[in-house]
There are 2 protein chains.
Amino acid sequence: MSYTYEHPRPALTVDCVVFGWDGAELQVLLIERAEAPFMGNWALPGGFVHMDETLDDAAQRELQEETGLADLFLEQLFTFGALDRDPRGRVVTVAYYALVNIFHHEKPQGGTDASQATWFPMEQLPTLAFDHTTILNTALERLRGKILYRPIGFELLPEKFSFTQLQELYEGILGTAFDRRNFRKKILSMGILNECGKVQGDVPHRKATLYKFDEPKYKQLEMNGFEFKI
Amino acid sequence: MSYTYEHPRPALTVDCVVFGWDGAELQVLLIERAEAPFMGNWALPGGFVHMDETLDDAAQRELQEETGLADLFLEQLFTFGALDRDPRGRVVTVAYYALVNIFHHEKPQGGTDASQATWFPMEQLPTLAFDHTTILNTALERLRGKILYRPIGFELLPEKFSFTQLQELYEGILGTAFDRRNFRKKILSMGILNECGKVQGDVPHRKATLYKFDEPKYKQLEMNGFEFKI
DNA sequence: TCAAAAGTGTTTCTGCTACACCCATGC
DNA sequence: GCATGGGTGTAGCAGAAACACTTTTGA
């Protein structure tokens with residue numbers, strides 16, 4: 001079976017930068033390529049866009065197939081179209097970035113054309129196939145920008161989390177330190193967290209209060225002109 | 001001549017939302033389509049991506065061909081891939097937005113496959129072909145967001161402009177009013193404008209001081225951590 | 001009782017907001 | 001001299017930043 005067109009067409013792929021947070025470091029999910037080109041190299045999960053799926057659907061499908069991940073925060077990032085970005089010829093890729101709670105998906109599974117899917121700390125990335133390093137850096141920039149004015153950090157945490165966890169997440173991603181009292185004050189004053197008791201487990205010190213992000217409340221506040229801001 | 005691939009491929013286009021400012025209203029440059037589909041309808045300038053050009057190059061080329069515009073602020077916006085967005089079949093489009101001084105390009109010229117290119121005020125847009133209304137709205141959102149934290153508003157003004165012009169631009173795009181004194185203070189305190197004398201022409205009142213945006217200065221400040229912010 | 005993290009208020013400072021009058025120019 | 005927009009300073013307020021001690025818990 002083959003397909004013929006009057007004019008040549010670039011191939012179209014999607015690639016996904018999946019970020020996770022292990023409590024200390026930002027992590028990225030990479031797959032080991034099982035096919036040429038760059039066979040055996042690490043790369044972002046991704047693949048060709050099918051004719052009967054939207055770009056968002058393609059990104060979701062590829063993530064599901066290559067990493068087993070589903071139902072995560074997924075947002076279009078940027079489209080990369082450098083002429084020589086793929087040795088197979090002209091391939092344009094629509095990049096996405098995703099945020100996922102790493103502990104809900106600690107053992108991602110390799111799938112069809114990915115022999116492995118593994119978390120890497122941002123600070124110890126392997127060499128990546130194609131222009132995937134560029135894509136990853138773009139995604140990191142976006143994450144750093146967006147986390148300041150949208151409540152997306154919660155996507156990386158467990159459903160219930162302590163203020164220390166939240167603060168360490170922000171500090172780790174942004175590379176800056178915050179005052180504990182001011183941080184707590186600012187977030188609490190937004191009124192988008194619900195307390196859910198000190199369920200924290202066996203720790204050799206005082207138990208922290210755990211909170212949940214109240215998304216419906218946030219959506220409602222947002223509609224009334226409220227803006228999340230760190 | 002024809003091109004055959006093992007798998008079907010979406011066609012890939014670029015579309016450009018070109019914004020201009022006439023001193024009172026935000027304007028968008030549209031072309032009248034000379035070919036099916038939507039022949040005779042208004043649409044964003046754009047067209048198919050060639051195999052030997054990047055996406056940015058394609059956007060620039062299409063603008064040049066269809067409107068005569070060159071050397072303008074042009075930035076990738078978003079990629080639209082809904083299944084039914086083009087009646088010819090699966091067409092994915094990488095949208096761009098551009099900012100241009102309307103008085104340097106008052107009479108844009110229609111080109112190859114565009115029989116006319118015309119400025120429309122945002123408030124009086126015709127019905128657009130394809131999903132171009134969606135694209136345009138996305139571009140407007142982006143413009144409104146970005147103008148707050150990047151000095152891109154200057155792209156829409158003449159090289160030399162008065163504070164009133166600048167303020168009216170911001171007020172028009174954002175739909176909010178600013179205090180004249182505070183606005184002036186804030187912008188001046190950034191130190192990114194150079195005074196260039198009261199060259200303003202025949203006006204029946206006091207002549208305004210004109211300013212130029214000092215881009216090198218801005219770039220330098222930016223590198224030292226300065227952030228433009230309205 | 002010690003170590004380790006949780007929790008909590010107040011003061012200071014900075015930057016934003018609100019606000020009104022005189023100036024220059026052409027008609 | 002009048003109509004029109006240009007240009008300017010200050011006081012009050014709100015939100016950000018700085019800052020240190022007490023509490024809880026398990027070992």
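Numbers restart at 1 for each chain; the letters A, B, ... are given by sequence-line order, proteins then strands. Owing to the predicted nature of the structure, the values given are computational and were not obtained by experimental measurement.
Remark: B:E222 pairs with B:Y218 by the side-chain hydrogen bond (donor to acceptor under 3.5 Å, both in side chains) rule, at least two apart or across chains. Partners of B:E195 under the salt bridge (Lys or Arg N to Asp or Glu O under 4.0 Å) rule, at least two apart in sequence or in another chain, do not exist in this structure. Residues forming a side-chain hydrogen bond (donor to acceptor under 3.5 Å, both in side chains) with B:N194 (at least two apart in sequence, or on another chain): B:D214. A:E215 is linked by a side chain to side chain contact (heavy atoms under 4.5 Å, CB included) to A:F213, A:K219, counting only residues two or more places apart in sequence or in another chain. With sequence neighbours excluded, no residue forms a ring-ring contact (aromatic ring centres under 6.0 Å, His included) with A:Y96.
Spacing between atom CZ of B:F178 and atom P of C:dC16 amounts to 12 Å, rounded to whole angstrom units. Between the NE2 atom of A:H205 and the C1' atom of D:dT25 there is a distance of 8 Å, rounded to whole Å. Between B:F183 atom CZ and C:dA18 atom P the separation is 16 Å, expressed in whole Å. Here the P atom of nucleotide C:dG15 and the NZ atom of B:K229 are 13 Å apart, to the nearest Å. Nucleotide C:dA6 holds its C1' atom 12 Å from the CD atom of A:Q167, rounded to whole Å. Atom CD1 in A:I230 sits about 15 Å away from atom C1' in D:dG15, given to the nearest Å. Following rounding to the nearest Å, B:R184 (CZ) and C:dA18 (P) show an atom-to-atom distance of 19 Å.
B:F163 carries B:R184 over the face of its six-membered ring, with the cationic atom under 6.0 Å from the centre and within 45° of the normal.
Nearer to the 5' terminus of DNA chain C, by closest-nucleotide assignment, is the contact made by A:P204 (compared with the other of A:L188 and A:P204).
Between the axis at the start and the axis at the end of the helix from C:dT1-D:dA27 to C:dC27-D:dG1 there is an angle of 0°, using five pairs per end and rounding to 10 degrees.
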Please list each protein N or O that sits under 3.5 Å from an N or O in nucleotides 19-23 of chain D, with the distance.
unit_1 : atom_1 : unit_2 : atom_2 : d
D:dC19 : N4     : A:D179 : OD2    : 3.3
D:dC19 : N4     : A:R181 : NE     : 3.3
D:dA20 : N1     : A:R181 : NH1    : 3.1
D:dT23 : O2     : A:R206 : NH1    : 3.1

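Between A:K207 and the phosphate of C:dG7, there is no side-chain N or O to OP1/OP2 separation shorter than 4.0 Å.
Listed nucleotides: D:dG7, C:dG26, D:dA17. Nearest to the side chain of A:K186: D:dA17.
Pairs engaging residues 137-152 of chain A under the side-chain hydrogen bond (donor to acceptor under 3.5 Å, both in side chains) rule: A:E75-A:K146 [sequence neighbours left out].
A:T209 comes within 4.0 angstrom of sugar-phosphate atoms only, judged by non-hydrogen atoms across all strands, and of no base.
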Derivation and outcome, side chain to side chain donor-acceptor pair (under 3.5 Å), residues B:Q64 and B:Q60: CA-CA 6 Å; B:Q64 169 67 51; B:Q60 268 186 268; over 6 Å; no
Would you list the atom pairs, donor with acceptor, under 3.5 Å between side chains in residues 152-161 of chain B and any protein atom, with sequence neighbours excluded?
none

